[in-house]
Amino acid sequence: MRLGLALGYWGRGPDPRHVPLAQEAERLGYHSVWTAESWGSDVFTPLTWIAAQTSTIRLGTAVAQMAARSPTTTAMHALTLDHLSGGRVMLGLGLSGPQVVEGWYGRPFPKSPLTATREYVDVVRQVLRRQAPVELDGRFHSHPYRGPDGTGLGKALKPITHPLRAELPVLLGAEGPKNIAQTTRIADGWLPLYWSPNRPEVYETSLAEAPEGFLVAPMAQVRVCDDVAEGLLPVKTMLGFYIGGMGHAARNFHADLMARMGYEEQARRIQRLFLEGRREEAVLAVPDAFADEISLVGPRERIAERLESWRKGPVTDLLALAPDRESLRVLAELNA
């Protein structure tokens with residue numbers, strides 16, 4: 001099982017720890033470093049900054065939001081950074097949800113998310129392979145554009161720049177069972193939001209047809225500390241925000257995922273409290289058991305014991321949301 005460092009997206013401003021942490025992860029032998037975006041910092045610029053100050057560690061987007069860019073724009077970002085970094089990019093894509101897509105990006109959330117995702121990946125692949133001009137008679141991503149409000153003058157094109165790697169890895173941040181199953185057919189890997197090594201049955205059917213070499217790269221908060229309950233508080237804070245606030249009351253993919261993992265009653269309670277403005281109560285309502293099984297928190301010996309269960313399943317890459325150098329170092333030593 002390889003290790004990655006997940007840095008997420010910025011909060012109020014850039015985090016001065018990110019580049020030093022990425023450099024430390026590279027020194028410790030981590031395979032990859034990953035950035036993210038929501039409705040603030042973008043995913044590619046911080047990754048480019050990190051690329052300029054590292055030399056071997058792979059550079060991943062977890063995730064680049066599909067609504068933020070046309071598929072050809074995303075492919076341009078990826079092929080450009082891949083050249084500048086010497087072939088280190090891993091392109092992670094995600095659909096996000098209706099609240100963000102319509103509220104922030106100002107465009108409709110696709111009524112057929114599976115089709116929209118499939119078309120998006122198809123176009124990205126065509127750009128990166130550069131075998132012919134990009135053409136797709138799609139429902140969401142037609143190339144050239146053939147809509148009724150177009151001029152009809154669009155021309156199929158292929159990139160001027162020759163991509164460094166035609167088979168640059170594409171991973172998808174999928175949550176629903178059908179979306180995950182499709183991911184095994186159209187992508188090189190999957191980026192689970194929550195992964196519990198104790199509940200393999202949750203994803204077993206969706207992953208049944210995953211091909212040889214398919215990447216499974218979940219994120220997990222990692223923190224070496226003496227007090228487990230205290231160490232879980234950042235995990236619970238994150239869960240409270242995602243389950244309570246990252247989606248509409250009627251459609252929240254994160255809450256639905258928690259429900260499928262055996263915590264339906266608790267997920268709906270967290271949602272209700274958060275949407276009522278009782279955010280602190282929402283965080284405290286997150287079960288310690290759930291926060292604990294999707295993270296690696298506690299003394300070194302406890303993390304070492306729990307790490308074994310992560311190794312036994314299909315996980316190929318553990319992406320550590322680690323807040324400090326000590327946690328990064330301990331994880332690297334335990335996984336050696």
Colleague: So, for Leu136 and Arg146, which heavy atoms are closest and what is the spacing to 0.1 Å?
Modeller: O-NH1, 3.7 Å
Colleague: Heavy atoms only: give me the nearest Pro234-Glu230 pair and the separation to one decimal.
Modeller: CD-O, 3.6 Å
Colleague: Taking Leu275 as the starting point, is it possible to reach Leu273 by hopping between hydrophobic residues whose side chains are less than 4.5 Å apart?
Modeller: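 Result: no, two separate clusters.
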Colleague: Evaluate side chain to side chain contact (heavy atoms under 4.5 Å, CB included) for Leu239 paired with Tyr194, printing each intermediate quantity in order.
Modeller: CA-CA 10 Å; Leu239 287 169; Tyr194 310 138; 3.5 Å; yes
Colleague: Is there a ring-ring contact (aromatic ring centres under 6.0 Å, His included) between Trp195 and Tyr203? Walk through the geometry before answering.
Modeller: CA-CA 9 Å; Trp195 178 271; Tyr203 302 117; 5.3 Å; yes
Colleague: Please identify each residue that fulfils side-chain contact (heavy atoms from CB on, under 4.5 Å) with Thr73, with sequence neighbours left out.
Modeller: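 Partners of Thr73 by the side-chain contact (heavy atoms from CB on, under 4.5 Å) criterion, ordered by chain and then number, come out as Arg69, Ser70, His77.
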Colleague: Shared ILVMFWY cluster between Val228 and Leu233, side chains joined below 4.5 angstrom?
Modeller: no
Colleague: Which is it for Thr316 and Met1 under the side chain to side chain contact (heavy atoms under 4.5 Å, CB included) test, yes or no, and what are the steps along the way?
Modeller: CA-CA 5 Å; Thr316 60; Met1 186 175 67; over 6 Å; no
Colleague: Check Arg165 with Glu167, please: is the shortest side-chain N to carboxylate O separation under 4.0 Å?
Modeller: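 A salt bridge is absent here (no side-chain N lies under 4.0 Å from a carboxylate O).
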Colleague: Tell me, please, which residues at least two apart from Phe140 pass ring pair (Phe, Tyr, Trp, His ring centres under 6.0 Å).
Modeller: none
Colleague: List in chain and number order the residues that pass ring pair (Phe, Tyr, Trp, His ring centres under 6.0 Å) with Phe214, two or more places apart in sequence or in another chain; answer none if no residue qualifies.
Modeller: none
Colleague: Honestly curious: do Phe109 and Tyr242 fall in one hydrophobic cluster under the side-chain, below-4.5 Å linking rule?
Modeller: yes
Colleague: Between Thr35 (side chain only) and Val43 (backbone N and O only), is there a donor and an acceptor less than 3.5 Å apart?
Modeller: yes
Colleague: Who pairs with His31 by ring pair (Phe, Tyr, Trp, His ring centres under 6.0 Å), at least two apart in sequence or on another chain?
Modeller: none
Colleague: Mind checking whether Gln131 and Lys158 have side chains closer than 4.5 Å, heavy atoms only?
Modeller: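 In short, these two side chains do not touch, never coming nearer than 4.5 Å.
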Colleague: Is there side-chain contact between Val101 and Met66, with heavy atoms separated by less than 4.5 Å?
Modeller: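 Side-chain contact under 4.5 Å: no.
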Colleague: So, does Gln126 use its side chain to make a donor-acceptor pair with the main chain of Glu135 at under 3.5 Å?
Modeller: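 At least one qualifying donor-acceptor pair exists.
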Colleague: Could you give the distance from CZ (Arg269) to CD (Glu281), rounded to the nearest 0.5 Å?
Modeller: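 It is 7.0 Å, given to the nearest 0.5 Å.
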Colleague: To the nearest 0.5 Å, what is the distance between CG on Leu232 and CG on Asp288?
Modeller: 5.5 Å
Colleague: Would you say Arg260 has more than 12 foreign heavy atoms packed within less than 6.0 Å of its CZ?
Modeller: yes
Colleague: Which is it for Ser112 and Arg139 under the side chain to side chain donor-acceptor pair (under 3.5 Å) test, yes or no, and what are the steps along the way?
Modeller: CA-CA 9 Å; Ser112 300; Arg139 178 177 174 185; 2.8 Å; yes
Colleague: Quick one: does Arg88's side chain have a donor or acceptor within less than 3.5 Å of a partner on Asp82's backbone?
Modeller: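 Side chain of Arg88 to backbone of Asp82, a donor-acceptor pair under 3.5 Å: no, none is there.
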Colleague: So how far is it from Ser85 OG to Ile57 CD1, rounded to the nearest 0.5 Å?
Modeller: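 CD1 of Ile57 is found 12.0 Å from OG of Ser85.
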Colleague: If every non-hydrogen atom of Val121 is compared with every non-hydrogen atom of Ile186, which pair is closest and at what distance?
Modeller: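 Between these two residues, the closest heavy atoms are CG1-O, 3.6 Å.
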Colleague: Are the side chain of Thr117 and the backbone of Leu114 linked by a donor-acceptor contact shorter than 3.5 Å?
Modeller: no
Colleague: Any donor and acceptor pair, going by atom type alone, linking the side chain of Gln23 with main-chain N or O of Thr54 inside 3.5 Å?
Modeller: no
Colleague: Donor-acceptor check, side chain of Thr45 to backbone of Asp42, threshold 3.5 angstrom: yes or no?
Modeller: no
Colleague: With a 6.0 Å cut-off (strictly less than), is the heavy-atom count around CD of Glu308, excluding the residue itself, greater than 12?
Modeller: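 Above 12, so yes.
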Colleague: Run the side chain to side chain contact (heavy atoms under 4.5 Å, CB included) check on Ile180 and Glu175 step by step: do they pass?
Modeller: CA-CA 6 Å; Ile180 298 168; Glu175 292 185 49; 5.8 Å; no
Colleague: If you count heavy atoms of other groups shown closer than 6.0 angstrom to CD of Glu276, is the number above 12?
Modeller: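 Count over threshold, so yes.
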Colleague: Is the closest side-chain heavy-atom distance between Thr161 and Thr80 below 4.5 Å?
Modeller: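 Not touching, per the 4.5 Å side-chain cut-off.
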Colleague: Is the shortest heavy-atom distance from the side chain of Thr237 to the side chain of Phe241 under 4.5 Å?
Modeller: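 They are not in contact (no side-chain heavy atoms under 4.5 Å apart), so the answer is no.
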Colleague: Sequence neighbours left out, cut at 3.5 Å: what donor-acceptor pairs do the side chains of residues 293-303 make with other protein atoms?
Modeller:
{"unit_1": "Glu293", "atom_1": "OE1", "unit_2": "Ser196", "atom_2": "OG", "d": "2.6"}
{"unit_1": "Glu293", "atom_1": "OE1", "unit_2": "Arg199", "atom_2": "NE", "d": "2.7"}
{"unit_1": "Glu293", "atom_1": "OE2", "unit_2": "Arg199", "atom_2": "NH2", "d": "3.3"}
{"unit_1": "Glu293", "atom_1": "OE2", "unit_2": "Tyr263", "atom_2": "OH", "d": "2.7"}
{"unit_1": "Ser295", "atom_1": "OG", "unit_2": "Ala291", "atom_2": "O", "d": "2.7"}
{"unit_1": "Arg300", "atom_1": "NH1", "unit_2": "Glu333", "atom_2": "OE1", "d": "2.8"}
{"unit_1": "Arg300", "atom_1": "NH2", "unit_2": "Glu333", "atom_2": "OE1", "d": "3.3"}
{"unit_1": "Arg302", "atom_1": "NH1", "unit_2": "Asp292", "atom_2": "OD1", "d": "3.2"}
{"unit_1": "Arg302", "atom_1": "NH1", "unit_2": "Val297", "atom_2": "O", "d": "2.7"}
{"unit_1": "Arg302", "atom_1": "NH2", "unit_2": "Asp292", "atom_2": "OD2", "d": "2.6"}

Colleague: Would you sort out whether Glu102 and Arg107 count as a side chain to side chain contact (heavy atoms under 4.5 Å, CB included), showing the intermediate values?
Modeller: CA-CA 5 Å; Glu102 297 183 1; Arg107 54 190 307 174; over 6 Å; no
Colleague: Remaining members of Leu191's ILVMFWY cluster at a side-chain heavy-atom cut-off under 4.5 Å?
Modeller: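 Joined to Leu191, directly or through intermediates: Trp34, Val63, Met90, Leu171, Leu215, Met219, Leu319, Leu321.
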Colleague: Check the pair Gln182, Arg185 against side chain to side chain donor-acceptor pair (under 3.5 Å), reporting the backbone distance first and the verdict last.
Modeller: CA-CA 5 Å; Gln182 174 176 267; Arg185 297 191 294 272; 4.7 Å; no
Colleague: If every non-hydrogen atom of Ile270 is compared with every non-hydrogen atom of Pro287, which pair is closest and at what distance?
Modeller: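 Heavy atoms of Ile270 and Pro287 come nearest at CD1-CD, 4.5 Å.
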Colleague: Can you tell me if Glu326 has over 12 outside heavy atoms packed within less than 6.0 Å of its CD?
Modeller: yes
Colleague: Taking the side chain from Ser327 and the backbone from Val224, do they hold a donor-acceptor pair closer than 3.5 Å?
Modeller: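 Here the side-chain-to-backbone pair exists.
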Colleague: If we ignore hydrogens and angles and just use 3.5 Å, is the side chain of His83 paired with the main-chain N or O of His162 as donor and acceptor?
Modeller: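 Checking the backbone N and O of His162 against the side chain of His83, a donor-acceptor pair under 3.5 Å is found.
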Colleague: Hey, are Asp324 and Arg17 close enough for a salt bridge, meaning a charged N less than 4.0 Å from a carboxylate O?
Modeller: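 Salt bridge flag = no for Arg17 with Asp324.
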Colleague: What heavy-atom pair brings Ala220 and Trp310 nearest, and what distance separates the two atoms?
Modeller: CB-CH2, 3.7 Å
Colleague: How far apart are the closest heavy atoms of Val100 and Ser38, and which atoms are they?
Modeller: CG1-O, 4.4 Å
Colleague: How about Glu265: does its CD atom have over 12 heavy atoms from other parts shown lying under 6.0 Å from it?
Modeller: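 Atom CD in Glu265 is not packed in, count stays at 12 or less.
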Colleague: Please confirm whether the backbone N or O of Leu153 pairs with a side-chain atom of Thr151, one donor and one acceptor, at under 3.5 Å?
Modeller: yes
Colleague: Do Arg311 and Asn335 have side-chain N/O donor and acceptor atoms under 3.5 Å apart?
Modeller: yes
Colleague: Just how far is it from atom CG of Asp317 to atom CZ of Arg58, taken to the nearest 0.5 Å?
Modeller: 10.5 Å
Colleague: Within the structure provided, determine whether Glu119 and Thr115 are in side-chain contact (heavy-atom separation under 4.5 Å).
Modeller: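 Yes, side chains in contact.
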Colleague: Treating Ile, Leu, Val, Met, Phe, Trp and Tyr as nodes and any side-chain heavy-atom pair under 4.5 angstrom as an edge, say whether Met76 and Leu168 lie in one connected cluster.
Modeller: no
Colleague: Atom CD of Gln65 and atom OG of Ser96: how far apart are they, to the nearest 0.5 Å?
Modeller: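 Rounded to the nearest 0.5 Å, the CD-OG separation comes to 4.5 Å.
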